[in-house]
Enquirer: 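Sharing a structure below in structure tokens format, with a few things to ask.
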Amino acid sequence: MPELAYVNGVITPLEEARVSVEDRGFQFADGIYEVAKIFDGKLIDLDRHLARLENSARMLELPLPMPLPELGRTCRDLHARSGIEDGVFYLQVTRGACPRVHAAPPGLEPTLVMTTRRLSRPLPEKITAITVPNNRWKMCACKAIALLPTVLAKHAAVKAGVNEAIFVGDDGLVLEGASDNVFCVKDGVLHTPPADGRILEGITRGRVLELAEERGIEVRVAPLPLDEFRAADEVFLTSSVLTVVPVVALDGRPVGDGRPGPVSTVLREAYWDFMRRFRDVTDSPNPSGSSSPA
Ligand SMILES: Cc1ncc(COP(=O)(O)O)c(C=O)c1O
């Protein structure tokens with residue numbers, strides 16, 4: 001089960017992979033990425049990740065290195081070669097390598113990098129968080145590799161002795177975690193901020209909204225003021241890597257009774273069940289063109 005890297009068609013052990021120092025990803029963070037979970041030997045929701053990648057590329061007028069179906073096959077091939085059962089699949093596309101100049105010259109070949117890694121440590125079953133001011137740009141719907149505000153937010157979380165930082169806008173609205181989407185529960189109603197361009201529209205967020213609806217949980221997708229968020233009975237975060245994880249303390253105070261609440265627990269179990277049932281369309285004899293749970 002080797003951890004592998006793919007760089008523009010060349011597959012190597014992860015630690016041997018190299019890109020040019022003139023790559024625009026390195027020079028300008030001029031690129032986009034996706035992170036998908038590898039669970040039980042399956043690439044969870046790869047098709048949705050690739051659709052979001054295409055959207056990010058469109059937002060930055062960044063050409064993809066190959067058509068989406070071919071990109072999907074290339075991802076699945078790398079994953080199959082690595083044979084990793086539980087881990088993380090990373091994909092990055094940059095505008096390519098060229099002498100350093102801000103406006104990219106025409107005709108650059110995009111750089112495609114993919115890696116497969118094993119899960120390095122067990123996933124947390126609950127976490128703690130702080131809120132931080134949102135100092136990011138206005139295109140948060142684009143999964144761009146320019147992540148300095150996220151890095152600083154994560155550093156603030158580490159300094160505060162907690163696991164995650166949650167961005168709050170100047171208008172007092174809760175947006176999202178540094179690398180996850182936020183949900184809260186009040187009186188049995190599930191709340192989450194809208195995907196209105198101020199957050200990344202998480203693939204896991206979408207699945208959790210579908211699972212909540214299937215279970216008859218009332219859902220309110222609407223702007224979420226910080227005071228309401230702080231007064232919630234439950235808070236949880238979602239991401240491909242973390243799945244669904246309850247937040248038991250926020251800004252040094254317990255959330256609810258300080259333990260994972262019932263709605264968070266139901267949705268966490270529902271999401272894990274979804275992953276267990278998930279079948280990639282390429283595994284099925286009769287591909288229908290979209291991934292769906294079996
Ligand atoms: C800012 C941000 N929001 C939300 C998410 C969750 O997205 P997904 O569920 O697609 O992993 C991520 C994941 O990296 C993220 O970086």
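In this text the structure is predicted, and so the values were computed from the model without any measurement. Remember, it's 1-based here, ligands and their atoms both numbered in the order they're listed.
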Enquirer: One line per pair, note the atom names and distance for all nitrogen or oxygen contacts under 3.5 Å between ligand 1 and the protein.
Expert:
from: ligand 1; atom 1: 3 (N); to: E176; atom 2: OE1; distance (Å): 2.7
from: ligand 1; atom 1: 9 (O); to: I203; atom 2: N; distance (Å): 3.3
from: ligand 1; atom 1: 9 (O); to: T204; atom 2: N; distance (Å): 3.0
from: ligand 1; atom 1: 9 (O); to: T204; atom 2: OG1; distance (Å): 2.6
from: ligand 1; atom 1: 10 (O); to: R52; atom 2: NH1; distance (Å): 2.8
from: ligand 1; atom 1: 10 (O); to: R52; atom 2: NH2; distance (Å): 3.0
from: ligand 1; atom 1: 10 (O); to: I203; atom 2: N; distance (Å): 2.8
from: ligand 1; atom 1: 11 (O); to: S240; atom 2: N; distance (Å): 2.9
from: ligand 1; atom 1: 11 (O); to: S240; atom 2: OG; distance (Å): 2.7
from: ligand 1; atom 1: 14 (O); to: K143; atom 2: NZ; distance (Å): 2.8

Enquirer: Could you walk me through whether V248 and I127 pass the side chain to side chain contact (heavy atoms under 4.5 Å, CB included) check?
Expert: CA-CA 6 Å; V248 293; I127 63 169; over 6 Å; no
Enquirer: Could you list the residues that satisfy side chain to side chain donor-acceptor pair (under 3.5 Å) with K37, not counting sequence neighbours?
Expert: none
Enquirer: Please determine whether a side-chain nitrogen of the Lys or Arg among R276 and D40 lies less than 4.0 Å from a carboxylate oxygen of the Asp or Glu.
Expert: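 Salt bridge flag = no for D40 with R276.
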Enquirer: Is it the case that atom CD in E201 sees more than 12 heavy atoms from other parts of the structure closer than 6.0 Å?
Expert: no
Enquirer: Looking at K42 and D280, is there a salt bridge between them, counting it only when a charged N and a carboxylate O are closer than 4.0 Å?
Expert: no
Enquirer: Are L200 and C140 close enough, and set up right, to give a side chain to side chain contact (heavy atoms under 4.5 Å, CB included), and what steps lead you there?
Expert: CA-CA 5 Å; L200 181 76; C140 288; 5.8 Å; no
